[in-house]
There are 2 protein chains.
Amino acid sequence: MATIKDVAERVGVSVTTVSRVLNNRGYLSEDLKRRVYQAMEELNYQPNELARSLFRKKSNIIGLIIPDISHPFFGEIAIHAESYAYKKGYKILLCNSRLNKSKEKEYINMLKASQVDGIIMGSHTLDTKEYNSINLPIVTIDRQLSDSIPYVSSDHYKGGELATKLLIQRGCKKIAHISGNLKLHLLAKTRYDGFMDTVTKFQILHVVVETDLNGFKYEEYEQIVTDLFREHPDLDGIFASSDIIAAQVLKECRRIGKRVPEDVKVVGFDGIRVGEYITPELTTIQQPIKDIAKTAVKLLIDQINGTEVPRENILPVKLIEKETTLGNE
Amino acid sequence: MATIKDVAERVGVSVTTVSRVLNNRGYLSEDLKRRVYQAMEELNYQPNELARSLFRKKSNIIGLIIPDISHPFFGEIAIHAESYAYKKGYKILLCNSRLNKSKEKEYINMLKASQVDGIIMGSHTLDTKEYNSINLPIVTIDRQLSDSIPYVSSDHYKGGELATKLLIQRGCKKIAHISGNLKLHLLAKTRYDGFMDTVTKFQILHVVVETDLNGFKYEEYEQIVTDLFREHPDLDGIFASSDIIAAQVLKECRRIGKRVPEDVKVVGFDGIRVGEYITPELTTIQQPIKDIAKTAVKLLIDQINGTEVPRENILPVKLIEKETTLGNE
DNA sequence: CACCATATGTTAACCGGTTAACATCTTAAA
DNA sequence: TTTAAGATGTTAACCGGTTAACATATGGTG
């Protein structure tokens with residue numbers, strides 16, 4: 001690897017001068033610039049970012065901690081986050097916590113040691129105080145951690161309400177909500193609140209079951225959904241907390257001979273791209289995933305640059321009605 | 001952020017001594033170690049990895065360039081790659097090329113500037129010579145670049161053959177293969193070869209259409225599949241080059257009233273996790289994704305450590321027959 | 001007692017950049 | 001003609017670690 005010294009020697013100037021060209025500081029003739037750039041080209045020179053980062057105390061790296069990149073929701077968060085970050089000159093260091101406390105903790109330490117400029121937390125299994133002691137710009141997705149840490153989230157409460165109201169409006173008499181982990185203090189929990197408030201208001205029979213206690217295990221979904229229908233064969237409406245779980249519900253309905261939407265109506269959550277291949281076509285609450293990702297990165301970079309950012313960033317959800325809730329008006 | 005100097009001062013020793021403790025070099029009393037570790041704890045000290053990397057000329061970072069992390073296949077590659085890399089003390093810098101040449105090129109330069117120790121190329125839209133001039137350990141997934149660059153791939157040819165034979169065996173008379181991009185010189189192209197050799201051998205009517213010319217655009221799939229059935233209404237077998245495309249085929253069949261598997265039989269490729277939610281349940285050629293990812297990382301780390309690695313690494317595929325190819329024995 | 005392993009210290013160079021401070025020379029404007 | 005801006009150079013410190021080289025002190029062993 002060529003260094004700045006090699007470039008300087010080739011051009012016949014000092015490293016200071018080359019550095020000046022690189023950073024465009026001070027007075028520089030067009031001719032000099034041309035010669036320096038040409039030498040860089042010829043030597044295939046790239047400035048060593050480690051050295052620059054060390055000196056500048058800025059790595060231009062953002063840590064992204066999520067539970068599981070292979071889950072479509074986080075995959076989509078990641079591509080949009082990466083895309084926007086790249087545009088702004090930042091790189092993404094990828095961490096999958098698998099909702100494992102010690103792994104998440106280790107990752108946070110690793111990111112700090114790696115001198116990342118900030119962290120986007122899409123996984124948050126630790127205690128609030130752990131996050132407050134990180135001492136680095138942070139943005140969380142879907143969780144409110146403290147007064148000082150900004151968060152980005154879609155309007156889960158509204159989503160829960162929309163989904164539940166739709167099921168009631170479409171004639172459902174007994175509705176189940178399959179929620180994500182309710183103990184992690186996620187804002188996603190307010191989907192549950194929206195659900196509960198709505199079924200209570202309309203005095204509708206309801207059941208709630210919880211998933212995602214230890215990560216996103218599809219096998220776990222299968223067991224939960226099977227049990228749910230075994231214990232409550234009279235369910236006629238399901239509000240699932242992700243499109244994947246909704247797909248699992250549809251699969252189970254098919255297995256036990258319940259027709260969707262005739263016998264059971266289903267609403268998912270997320271609006272992931274692969275969701276469009278679910279059969280019958282899934283009614284879902286669409287989160288503005290791209291916007292969530294972009295906002296998270298933007299808020300983080302703003303913080304890195306020392307700008308004040310709003311603490312609460314709730315983005316709107318959208319009900320997309322397809323086949324799984326049709327009929328029975 | 002506390003530095004090694006702060007730790008040294010607190011313990012009352014020299015930085016050299018602290019560095020010795022950190023790296024466990026030379027003679028060190030248990031007492032000293034204890035005192036140093038305690039001071040690190042108290043100061044919440046983490047050694048600056050930028051400084052270490054700079055000196056060691058080793059960053060312990062691996063660049064991962066893939067077309068799109070939100071595509072389930074690459075999402076799964078990524079989580080397994082990250083998981084194994086982490087176990088071996090490496091971090092992952094994530095790059096999505098979106099199959100865009102200039103972006104891929106920029107990413108390669110960025111990774112070099114960031115002093116990554118090696119690159120896993122899951123996207124390869126550039127000319128072979130560009131990769132040969134990278135001058136860094138590389139492993140490719142699904143593409144053979146040169147004699148010196150090792151590659152990991154599943155046995156696509158076998159997969160193409162298995163899929164096609166199954167369709168023929170199940171009675172299909174006219175089969176379409178919806179392939180990925182055939183111009184990128186991917187090993188995935190040998191699925192096409194397996195398909196062609198098989199239909200030729202059994203003298204079966206066939207059609208081939210190509211997707212993924214400019215990234216993974218699901219809208220593109222829709223158009224291609226619609227056109228395919230419009231032009232060839234007599235198709236009774238489809239071998240799709242991904243589970244996602246197969247799902248699109250199923251969706252189109254449903255739209256135009258073709259029954260699967262009665263009228264049309266379908267085989268997918270990949271064996272992605274979300275594939276299990278496709279209805280009817282999809283017959284597919286399962287790639288050993290976890291093994292591919294792990295092997296790629298392992299080969300890269302071996303190269304980084306200066307070990308000779310085998311150039312060709314073809315892993316076996318597995319036919320998983322489900323509902324979309326049933327009947328007509 | 002000599003010797004060596006153990007345990008720590010000091011100093012300085014190095015990794016590859018950036019930057020401040022100061023010097024020198026040319027050229028154009030006042 | 002003076003003055004200032006433009007265009008470079010030199011030197012050295014700094015970022016936060018690592019490491020080689022060499023010094024010193026202690027304690028146990030042959």
Side-chain angles (χ1 to χ4, degrees), chain A residues 1-37 39-40 43-61 89 109-117 135-136, chain B residues 1-40 43-61 89 109-117 136:
Chain A
M1 265 282 158
T3 70
I4 198 171
K5 215 171 154 183
D6 300 323
V7 177
E9 276 168 16
R10 186 169 191 108
V11 184
V13 296
S14 68
V15 298
T16 303
T17 303
V18 177
S19 180
R20 278 180 188 140
V21 172
L22 261 157
N23 298 286
N24 208 19
R25 302 167 45 87
Y27 298 118
L28 300 163
S29 68
E30 286 308 314
D31 182 60
L32 174 72
K33 285 191 199 168
R34 203 180 31 69
R35 276 153 51 218
V36 170
Y37 284 127
M40 289 180 179
L43 292 171
N44 206 353
Y45 171 77
Q46 307 261 122
N48 183 324
E49 287 297 331
L50 294 178
R52 299 180 118 179
S53 299
L54 180 60
F55 184 85
R56 296 188 174 136
K57 295 170 173 300
K58 179 144 191 296
S59 62
N60 279 279
I61 299 180
N109 288 334
M110 181 270 268
L111 291 175
K112 285 174 77 172
S114 300
Q115 311 299 117
V116 299
D117 295 334
N135 213 14
L136 259 176
Chain B
M1 263 282 158
T3 70
I4 197 172
K5 215 171 154 183
D6 301 321
V7 177
E9 277 168 16
R10 186 170 191 106
V11 183
V13 297
S14 69
V15 299
T16 303
T17 303
V18 176
S19 181
R20 278 181 189 139
V21 172
L22 261 157
N23 297 287
N24 207 19
R25 301 167 46 87
Y27 297 117
L28 300 165
S29 67
E30 286 308 314
D31 183 59
L32 174 73
K33 285 192 201 168
R34 202 179 31 68
R35 275 153 54 218
V36 170
Y37 283 127
Q38 190 186 331
M40 289 181 180
L43 292 170
N44 206 353
Y45 170 77
Q46 306 261 123
N48 184 323
E49 286 297 330
L50 292 179
R52 299 180 118 177
S53 298
L54 180 59
F55 184 86
R56 296 189 175 137
K57 295 169 172 302
K58 179 144 193 295
S59 63
N60 280 277
I61 299 179
N109 288 332
M110 182 269 268
L111 291 175
K112 285 172 77 171
S114 301
Q115 311 297 117
V116 299
D117 295 333
L136 220 69

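Just so it is clear: chains get the letters A, B, ... in the order the sequence lines come, proteins before strands, and each one is counted from 1. Every value quoted in this text rests on a predicted model; they were computed, and no experiment measured them.
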Worked verdict on A/Val36 versus A/Met40 for side chain to side chain contact (heavy atoms under 4.5 Å, CB included): CA-CA 6 Å; A/Val36 170; A/Met40 289 180 179; 3.5 Å; yes
Before you tell me yes or no, could you show the steps for B/Arg35 and B/Asp31 under salt bridge (Lys or Arg N to Asp or Glu O under 4.0 Å), namely the whole-Å CA-CA distance, both residues' side-chain angles and the distance that decides it to 0.1 Å? CA-CA 6 Å; B/Arg35 275 153 54 218; B/Asp31 183 59; 3.0 Å; yes
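Between the side chain of A/Thr16 and the base of C/dT18 there is no donor-acceptor pair of N/O atoms closer than 3.5 Å.
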Check nucleotides 13-17 of chain D against the protein and report each pair of N or O atoms closer than 3.5 Å, with its distance, or say if there are none.
unit_1	atom_1	unit_2	atom_2	d
D/dC15	O3'	A/Lys57	NZ	3.0
D/dG16	OP1	A/Lys57	NZ	2.3
D/dG16	N2	B/Ala51	O	3.4
D/dG17	OP1	B/Tyr45	OH	3.4
D/dG17	OP1	B/Asn48	N	3.4
D/dG17	OP2	B/Ile4	N	2.6
D/dG17	O5'	B/Tyr45	OH	2.9
D/dG17	O5'	B/Asn48	N	3.4

Grab the N/O contacts between the protein and nucleotides 23-30 of chain D below 3.5 Å, and write none if there aren't any.
none

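Not one side-chain nitrogen or oxygen of A/Ser29 sits closer than 4.0 Å to the OP1 or OP2 atom of D/dA7.
What separates CZ of A/Arg20 from P of D/dT10 is a distance of 11 Å, to the nearest Å. Between the CZ atom of A/Arg25 and the C1' atom of D/dG6 there is a distance of 16 Å, rounded to whole Å. Rounded to an integer number of Å, the gap from B/Arg35 CZ to C/dA7 P is 13 Å. One can place OH of A/Tyr27 at 16 Å from C1' of D/dG9, the figure rounded to the nearest angstrom.
Contact annotation: the side chain of A/Leu136 never approaches that of A/Leu111 to less than 4.5 Å [non-hydrogen atoms, C-beta and beyond].
The two residues B/Tyr45 and B/Val7 come nearest to each other via the heavy atoms CG-CG2, 3.6 Å. Considering all non-hydrogen atoms of both residues, A/Leu28 and A/Arg20 come closest at CD1-O, 3.6 Å. Across all non-hydrogen atoms, the minimal contact from A/Ala8 to A/Val18 is CA-CG2, 3.6 Å. Across all their heavy atoms, A/Ser59 and B/Leu50 have their closest contact at CB-CD1, 4.5 Å. A pairwise comparison of heavy atoms in A/Val15 and A/Lys5 identifies CG1-CA, 3.8 Å as the closest pair.
Side-chain atoms of A/Ser53 come within 3.5 Å of backbone N or O of A/Glu49 as a donor-acceptor pair. Without hydrogens or angle criteria, B/Ser114 side chain to B/Val116 main chain gives no donor-acceptor distance under 3.5 Å.
Computed from C1' positions of five pairs at each end, the angle between the two local axes of the helix from C/dC1-D/dG30 to C/dA30-D/dT1 equals 40°, rounded to 10 degrees.
A/Val13 comes within contact range of the sugar-phosphate backbone alone, with a heavy-atom separation under 4.0 Å but no base atom that close.
Inspection of the B/Ser14 and B/Thr17 side chains reveals an N or O donor paired with an N or O acceptor under 3.5 Å.
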